[in-house]
Novice: 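Provided herewith is a single structure, encoded as structure tokens, for subsequent inquiry.
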Amino acid sequence: MNLYEKLVKELSLDNIYENMEYLVEEVGERLSGTKEMKKATDYLCSILQEYGIDACIDHFPMYQSYPGDASLKVTVPEKREIKTRPVCHIESTPDSGMEGELIYLGSGTYEDYQGQDVRGKIVLTDMNWSPGRPEKARIAWEMGAKALIIMNWGKAEDDLIQMGAVKAQWGNPTPDTEKEIVRLTVMSISRRDGEYLAGLCKLGEVKVWLKASASRQWITADQPMGRVCGGKSNGQYILVGSHVDAWGKSAICNASGNALNLELARICQKYREELHRDVVFAFWDGHEIAEGGGSTWYCDHYWKEMNENCIAYINIDNLAIKGTTIPGVEGQPELKQFLMDAIEKVWGVKGQWNHAYKGGGDSSFFGIGVPYVSFATEYTEAKLKELNYAFYSPWLHSDSDTIDKIDRELLAGHGRYFLYLLEQLVSSPLVPYDLPALAEDIEGQWKAICARAGRAKTLIEDLEEVFRKYTAALVSLTTLASRQECQELYNKLAILCERQTVMFRSESGRYGQDSCCALQTENPIPALDRAIKKYNQSEVGSHEFYLWETQILKVKNMVYDGLNNSLEYIGLGLSAIK
């Protein structure tokens with residue numbers, strides 16, 4: 001019996017359900033800084049310790065928000081009161097509230113605002129993930145709206161109100177990034193009421209009065225951590241995380257994830273002597289409202305350890321939703337084949353691939369260069385249309401997110417998949433980065449930048465040579481992987497190259513964090529793409545023209561350094577074995 005077979009044989013759905021039921025039924029809603037959150041984190045840490053795992057709870061300051069009261073009334077063309085709740089991290093209204101014209105703008109993307117002057121108006125949008133809630137708010141704020149109302153996803157008749165937050169700024173703010181926190185009143189309503197308001201907007205002028213409040217304050221976070229030390233470990237580790245803080249009853253988001261995370265920890269601890277790498281199990285605080293507050297703190301606080309030894313991050317969230325059928329994995333191109341092969345191995349089907357961008361899922365490690373993995377079954381396209389693209393179910397962040405919404409057999413499949421990934425990651429002598437795939441992705445991003453460069457082409461064309469050398473060097477590095485005596489060197493060089501990929505995953509750089517669900521991060525070489533776009537939009541010879549020209553040069557040099565650093569590493573490594 002190989003190690004994976006041993007791990008799977010040990011998997012207990014009864015254990016998972018016992019821990020999930022405690023979090024859902026005994027604790028319930030868990031907002032950071034509350035007694036319920038402390039009860040949950042104390043429980044998780046105690047279970048890890050019962051398993052014999054070295055576990056503790058990290059405590060640290062975190063910027064949090066709590067919802068207050070909210071009211072919403074239609075005043076024109078008729079009188080009607082709408083049930084609503086405030087979103088967190090919003091700008092509270094005056095005690096007298098505010099009134100304004102309501103305008104419906106679909107998903108709330110930049111394209112939806114084209115031709116619309118929303119300054120001083122109240123915007124109504126759909127809740128979907130294109131863009132996510134924080135990005136909808138950031139765009140509305142940028143466009144001058146005075147308030148934003150977000151209708152829930154789900155079926156037209158659904159009356160559930162989804163809770164959430166709109167702090168697009170990721171993690172604890174700094175003196176500079178605090179300016180990114182939106183100063184906008186935002187509230188949530190049901191799908192049923194949202195469609196009523198959208199229908200009114202199509203008929204003519206609509207005015208609403210609203211009032212909402214939420215706090216902003218520093219609290220002390222509680223974040224359990226446990227480390228399983230492999231008996232044959234080389235010091236490297238895999239980070240596995242699931243967020244504890246949660247809205248509503250929290251079965252899907254994320255008691256199921258925490259319960260499975262505990263079970264993975266128990267199984268790995270039992271077979272720790274056979275592990276060639278360590279596994280760190282994290283139970284994040286500050287995911288839902290502080291926007292990656294806990295995972296960002298972990299990255300900043302454990303930077304040296306992560307930078308030197310972490311080979312991958314696995315995120316566990318929104319598992320086994322009833323009605324989902326498609327195994328879907330989210331990651332980065334250098335892990336695509338590894339992750340898709342795992343789906344075929346465990347599920348016996350091809351599966352769905354999704355490119356990882358900055359959004360939910362505590363994707364706090366793009367800057368440091370640790371690859372991201374997330375897996376969950378997904379709805380079919382037909383089902384998504386029926387649910388108005390409720391990607392994470394109609395019940396998300398509500399009191400209807402109960403255990404009966406979890407599919408038991410699907411949850412078992414999720415457990416097998418994550419165990420397979422862990423077994424492969426802790427057992428393989430090689431880190432699982434597909435360097436030719438990474439080279440292909442980066443080459444594709446460079447070609448896309450060149451295609452949209454416009455008059456900026458002459459400013460960046462001298463990067464062509466370093467891109468050509470870089471992609472060739474990554475491919476040549478794979479020759480070391482087949483030589484047993486060179487595998488340790490290959491791993492070191494592959495990790496060093498992975499650490500230099502930040503400019504292809506992030507706009508904010510190695511030590512920053514992009515805003516939550518930022519659309520810009522989906523563009524090729526995001527910081528360079530933005531600078532080129534702004535430069536080409538500026539009038540030649542204008543003040544803005546020269547500002548953005550300077551920015552292009554600075555970003556270009558950052559890209560060059562990242563690529564050239566990898567070239568230097570590879571060159572030194574290959575020369576050492578000649």
Side-chain angles (χ1 to χ4, degrees), residues 107 109-111 114 129-132 135 139 329-337 339-340 352-359 363 366-367 369 371-372 433-475 497-510 512 514-515 517-538 545 547-567:
S107 293
T109 66
Y110 279 113
E111 290 74 19
Q114 287 182 359
W129 220 242
S130 56
E135 183 76 343
I139 293 171
V329 68
E330 185 177 5
Q332 291 159 217
E334 59 271 33
L335 290 180
K336 180 178 180 179
Q337 196 61 51
L339 298 172
M340 296 301 284
Q352 173 67 40
W353 167 254
N354 302 292
H355 192 114
Y357 295 106
K358 188 59 168 280
S363 49
F366 290 165
Y372 174 91
Y433 307 155
D434 184 342
L435 297 184
L438 176 61
E440 183 180 354
D441 174 57
I442 288 173
E443 182 181 27
Q445 291 197 41
W446 170 242
K447 288 180 178 178
I449 283 288
C450 290
R452 63 179 75 187
R455 63 191 182 203
K457 187 173 183 178
T458 57
L459 297 175
I460 64 170
E461 59 188 4
D462 56 337
L463 283 176
E464 177 69 36
E465 182 181 12
V466 74
F467 269 94
R468 178 177 52 78
K469 289 181 177 179
Y470 173 82
T471 53
L474 282 187
V475 174
C497 291
E498 184 67 33
R499 299 293 188 255
Q500 297 296 317
T501 59
V502 56
M503 76 286 292
F504 304 104
R505 318 287 186 220
S506 167
E507 182 182 6
S508 59
R510 184 156 166 77
D514 293 321
S515 60
C517 303
L519 293 172
Q520 183 59 33
T521 63
E522 300 183 20
N523 293 327
I525 319 181
L528 190 57
D529 176 80
R530 180 186 293 276
I532 287 172
K533 191 180 302 178
K534 295 289 188 181
Y535 176 77
N536 284 328
Q537 290 170 352
S538 302
F545 179 85
L547 292 179
W548 287 109
E549 179 181 278
T550 304
Q551 181 69 2
I552 288 173
L553 296 175
K554 292 183 182 299
V555 176
K556 181 187 77 168
N557 293 337
M558 177 194 72
V559 172
Y560 170 81
D561 278 349
L563 298 175
N564 194 58
N565 285 344
S566 288
L567 283 171

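Quick caveat: nothing in here was measured; it's all calculated off a predicted structure. Throughout, numbering of the chain's residues begins at 1 and tracks the sequence.
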Novice: Less than 4.5 Å apart, any side-chain heavy atom of Cys497 and any of Tyr433?
Specialist: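 Contact flag for Cys497/Tyr433 side chains = no.
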Novice: Which heavy atom in Ala437 sits nearest to a heavy atom in Pro333, and how many Å separate them?
Specialist: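 That closest heavy-atom pairing would be CB-O, 3.6 Å.
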Novice: Got a salt bridge between Arg468 and Glu464, using NZ or NE/NH1/NH2 to carboxylate O under 4.0 Å?
Specialist: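 Looking at Arg468 and Glu464, the cut-off is not met.
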Novice: Within this structure, what is the CG-CZ distance for the pair Asn565 and Arg499, rounded to the nearest 0.5 Å?
Specialist: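 Interatomic distance, Asn565 CG to Arg499 CZ, rounded to 0.5 Å: 14.0 Å.
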Novice: Any side-chain heavy atom of Gln500 sitting closer than 4.5 Å to one from Leu567?
Specialist: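 The answer is no; the side chains never approach within 4.5 Å.
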Novice: Going by the angle between their ring planes, with limits at 30° and 60°, are Phe366 and Tyr372 parallel, tilted or perpendicular?
Specialist: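 It falls in the perpendicular class, over 60°.
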Novice: May I ask you to decide if the ring planes of Trp446 and Phe467 are parallel, tilted or perpendicular, using 30° and 60° as cut-offs?
Specialist: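 Geometry flag for Phe467 against Trp446: parallel rings.
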Novice: May I ask you to decide whether Lys556 forms a salt bridge with Asp561, counting only side-chain N to carboxylate O separations under 4.0 Å?
Specialist: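 No, Lys556 and Asp561 are not salt-bridged.
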Novice: Are any side-chain N or O atoms of Asp529 and backbone N or O atoms of Ile525, one a donor and one an acceptor, separated by less than 3.5 Å?
Specialist: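 Not a single qualifying donor-acceptor pair exists.
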Novice: Quick check: closest heavy atoms across Leu459 and Asp462, and the distance to 0.1 Å?
Specialist: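 Nearest pair, atom of Leu459 first, then Asp462: O-OD1, 3.8 Å.
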Novice: With a 4.0 Å cut-off, would you call Glu443 and Lys469 a salt bridge?
Specialist: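 No salt bridge links Glu443 with Lys469.
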Novice: I'd like to know if the side chain of Thr521 pairs up with that of Asp514 as donor and acceptor (distance under 3.5 Å, no hydrogens or angles considered).
Specialist: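 Distance-only check fails for Thr521 and Asp514.
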Novice: Within a 6.0 Å radius of atom OH on Tyr560, are there more than 12 heavy atoms belonging to other residues, nucleotides or ligands?
Specialist: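 Open.
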Novice: Only counting residues at least two apart or in another chain, list the ones meeting side-chain contact (heavy atoms from CB on, under 4.5 Å) with Asn354.
Specialist: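 Expected list: Glu330, Gln352, Glu378.
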Novice: Shortest non-hydrogen contact from Ser515 to Glu135?
Specialist: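 Of all heavy-atom pairs spanning Ser515 and Glu135, the closest is OG-OE1, 4.3 Å.
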Novice: If you measure from CD on Gln332 to CG on Leu339, what distance do you get to the nearest 0.5 Å?
Specialist: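 CG of Leu339 is found 10.0 Å from CD of Gln332.
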Novice: Are the side chain of Gln520 and the backbone N or O of Pro526 linked by a donor-acceptor pair below 3.5 Å?
Specialist: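 Side chain of Gln520 to backbone of Pro526, a donor-acceptor pair under 3.5 Å: yes, one is there.
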Novice: Could you give me the CA-CA distance, side-chain angles and deciding distance for Lys533 and Asn523, then say whether side-chain contact (heavy atoms from CB on, under 4.5 Å) is met?
Specialist: CA-CA 11 Å; Lys533 191 180 302 178; Asn523 293 327; 3.9 Å; yes
Novice: Any side-chain to backbone donor/acceptor pair from Arg455 onto Tyr535? Under 3.5 Å, distance only.
Specialist: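 Side chain of Arg455 to backbone of Tyr535: a pair is present.
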Novice: What are the two closest non-hydrogen atoms of Gly509 and Ser506, and how far apart are they?
Specialist: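 Result for this residue pair: N-OG, 3.6 Å.
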Novice: Is it true that a side-chain atom of Ser538 and a backbone atom of Lys534 form a donor plus acceptor pair closer than 3.5 Å?
Specialist: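 A pair under 3.5 Å: yes.
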Novice: Can you find a pair of side-chain heavy atoms, one from Ile532 and one from Ile460, that are under 4.5 Å apart?
Specialist: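 Touching, per the 4.5 Å side-chain cut-off.
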Novice: Atom CD1 in Ile449, atom CG in Leu463: separation rounded to 0.5 Å?
Specialist: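 The distance works out to 10.0 Å.
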Novice: Okay, side chain of Ser107, backbone of Thr109: is any donor-acceptor separation there less than 3.5 Å?
Specialist: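 It does not hold such a pair.
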Novice: Give the minimum heavy-atom separation between Arg505 and Asp441, together with the two atoms involved.
Specialist: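 Answer, listing the atom of Arg505 first, then Asp441: NH1-OD2, 3.2 Å.
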Novice: Name the orientation class of the two ring planes belonging to Tyr357 and His355 (parallel below 30°, tilted from 30 to 60°, perpendicular beyond 60°).
Specialist: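 Parallel: the ring planes of Tyr357 and His355 meet at under 30°.
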Novice: Mind checking the CG-CD spacing from Asp434 to Glu440? Nearest 0.5 Å is all I need.
Specialist: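 Here the interatomic distance stands at 9.0 Å.
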Novice: Starting at CD of Glu498, measure out to OG of Ser566 and round the result to the nearest 0.5 Å.
Specialist: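 So the CD of Glu498 and the OG of Ser566 are separated by 9.5 Å.
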Novice: So, do Asn536 and Arg452 sit near enough that their side-chain heavy atoms are less than 4.5 Å apart?
Specialist: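 Not touching, per the 4.5 Å side-chain cut-off.
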Novice: Can you give me the closest heavy-atom contact between Pro371 and Leu335, atom names plus distance?
Specialist: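 Minimum heavy-atom contact is CB-CD1, 3.5 Å.
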Novice: With rounding to the nearest 0.5 angstrom, report the CD1 to CD distance, Ile139 to Glu111.
Specialist: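 It comes to 8.5 Å.
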Novice: Walk me through it: do Val475 and Leu435 pass the test side-chain contact (heavy atoms from CB on, under 4.5 Å)?
Specialist: CA-CA 6 Å; Val475 174; Leu435 297 184; over 6 Å; no
Novice: Would you check if the side chain of Lys336 reaches a backbone N or O of Trp353 as a donor-acceptor pair within less than 3.5 Å?
Specialist: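 Not at all, since once roles are kept as given, no pair shorter than 3.5 Å links the two residues.
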